[in-house]
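First the structure, in the form of structure tokens, and then the observations on it.
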Number of protein chains: 2
Amino acid sequence: MRIGELAARAGVSVRSLRYYEEQGLLTSTRSASGQRHYTDDEVERVTFIQRLYAAGLSSRTIYELLPCVDAPSEENSDAALERMAQEHDRLSRHIDELIHTRDALEGLMATNRAHRETLRATAAC
Amino acid sequence: MRIGELAARAGVSVRSLRYYEEQGLLTSTRSASGQRHYTDDEVERVTFIQRLYAAGLSSRTIYELLPCVDAPSEENSDAALERMAQEHDRLSRHIDELIHTRDALEGLMATNRAHRETLRATAAC
DNA sequence: CTTGCCTCTGACATCCATGTGAGGTTTTAG
DNA sequence: CTAAAACCTCACATGGATGTCAGAGGCAAG
């Protein structure tokens, strides 16, 4: 498929796909006229990349992890595996933090709703 | 306390504190010479602001939520409360997404480690 | 062939929290 | 009193993923 279709299927912009390629995260075969072509597999790859971005990884970091993704068997993924463990831990801490924040928001909402009830009760009396 | 101490206690830069004030997230009393002074409570407030930033809220959004935080009793926090529910949901979805990503990373790590074992066994034989 | 849509490269623009530096005043320690 | 350290304002810089525009070429349908 060409870049527009991949973009549509993966839910990202064409611009982003070109950027991913520039960062070494994605490869394409080129037609004689220079247009990029992709296989169906790339859809999944792109959504995974997106997922990593959403988890706060940078292009550079994702690039370092890719050996583990591409060749789940190669031995060169030594540093990649360590990097992955590192990011996994960072992500875990971040998740904990977010859950904490969500709890705080819930607390505030409860407090506010409770007060609203109080107000209504007062108004009623 | 003055701005430097608040920065140190809350673990943020002085620059950031001035920025928070500019965004209406933080207030300070000024000494005759114009220096900012804060109460102990502001430490907690700043860390909470930081937490919200870390959760992906923008200054604008945080600003909109503050009525709920400051006056857990005022009636003007109507829009604020709704905004809060909105952000709470967004955060929940984001957390789910991150957990999914973390699981994916774990899967990859397991696969890679398994292969490493295989390699070692092969080498041993 | 022409029209319309897709793609190419390259470059500049944007957002937003934060860094950084200049030039000047205030506070504190010796 | 003096020097160091902290503070003030203003303003420009940064990073990183993405948007956007310009100018040119590619490709399918009528």
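The shown structure was predicted, so the numbers you read here are calculated from the model rather than taken from an experiment. Residue numbering restarts at 1 for every chain, and letters A, B, ... go by the order of the sequence lines. Keep in mind that the numbers below use all heavy atoms, side chains included, and drop hydrogens, waters and symmetry copies.
Taking the charged nitrogens against the carboxylate oxygens, A:Glu64 and A:Arg60 do have a contact shorter than 4.0 Å, which makes a salt bridge.
When the C1' atom of C:dC6 is taken as reference, atom NE2 of A:His37 falls 11 Å away, rounded to whole Å. Whole-Å rounding puts the B:Tyr63 OH to C:dA17 P distance at 15 Å. Atoms CD (A:Glu21) and P (C:dT7) sit 14 Å apart, rounded to a whole Å. Rounded to whole Å, the distance from CG on B:Leu17 to P on D:dA6 is 15 Å. Atom CD in B:Glu5 sits about 18 Å away from atom P in D:dA5, given to the nearest Å. We find that CZ of B:Arg2 is positioned 17 Å from P of C:dT25, with the value rounded to whole Å. Rounded to an integer number of Å, the gap from CD of A:Glu22 to P of C:dA11 is 11 Å. Rounded to whole angstrom, the span from the CD1 atom of A:Ile62 across to the P atom of D:dA17 amounts to 8 Å.
Remark: the A:His37 side chain and the A:Arg30 side chain contain no N/O donor-acceptor pair separated by less than 3.5 Å. Looking at B:Arg51 and A:His100, their side chains do bring a donor and an acceptor atom within 3.5 Å of each other.
An OP1 or OP2 oxygen of D:dC27 is reached within less than 4.0 angstrom by a side-chain nitrogen or oxygen of A:Ser33. Residue A:Ser16 places none of its side-chain N or O atoms closer than 4.0 Å to OP1 or OP2 of D:dA17. One finds no side-chain N or O of A:Arg36 lying less than 4.0 angstrom from the OP1 or OP2 phosphate oxygen of C:dT7. Listed pair B:Ser59 / C:dA17 meets the phosphate criterion, a side-chain N or O lying under 4.0 Å from OP1 or OP2. For A:Tyr20 and D:dT18, the shortest distance from a side-chain N or O to OP1 or OP2 is below 4.0 Å.
Using a distance-only test at 3.5 Å, with no hydrogens or angles considered, no donor-acceptor pair links the side chain of B:Thr61 to the main chain of B:Leu57. Checked by atom type and distance alone, the side chain of B:Arg45 pairs as donor or acceptor with a backbone atom of B:Leu25 at under 3.5 Å.
Of the candidates D:dG25, D:dC8, C:dT9, the closest approach to any side-chain atom of A:Gln35 belongs to D:dG25. Here D:dG19 is the nucleotide among C:dA17, D:dG26, D:dG19 with the atom lying nearest to any side-chain atom of A:Ser13. Taking the side chain of B:Arg30 as heavy atoms from C-beta on, and the options D:dT9, C:dT7, D:dC7, the nearest nucleotide is D:dT9. In this structure, of D:dC8, C:dA17, C:dG19, it is C:dA17 that holds the atom nearest to the side chain of B:Tyr19.
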After noting the C-alpha distance and the side-chain angles of A:Arg18 and A:Arg36, does the key distance pass the side chain to side chain contact (heavy atoms under 4.5 Å, CB included) rule?
CA-CA 9 Å; A:Arg18 297 204 188 102; A:Arg36 296 171 176 84; 3.6 Å; yes
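The residue among A:Val14 and B:Ile3 whose nearest nucleotide of DNA chain D is located toward the 5' end is B:Ile3. Nearer to the 5' terminus of DNA chain C, by closest-nucleotide assignment, is the contact made by B:Ser58 (compared with the other of B:Ser58 and B:Ala32).
Applying the ring-ring contact (aromatic ring centres under 6.0 Å, His included) definition to pairs two or more places apart or across chains, those involving residues 43-66 of chain A are A:Tyr20-A:Tyr53.
Contacts of residues 49-57 of chain A with DNA chain D (heavy atom under 4.0 Å): A:Gln50, A:Tyr53.
Pairing each heavy atom of A:Ala10 with each of A:Val46, the nearest pair is CB-CG1, 3.5 Å. Across B:Leu52 and A:Thr101, no two heavy atoms sit closer than the pair CD2-CG2, 3.9 Å.
Crowding of B:Glu97 atom CD: a count of heavy atoms from other residues, nucleotides or ligands under 6.0 Å exceeding 12.
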What does the list of N/O pairs under 3.5 Å between the protein and nucleotides 20-22 of chain D look like, with a distance for each?
residue, atom, partner, partner atom, Å
D:dT20, O4, A:Arg15, NE, 3.2

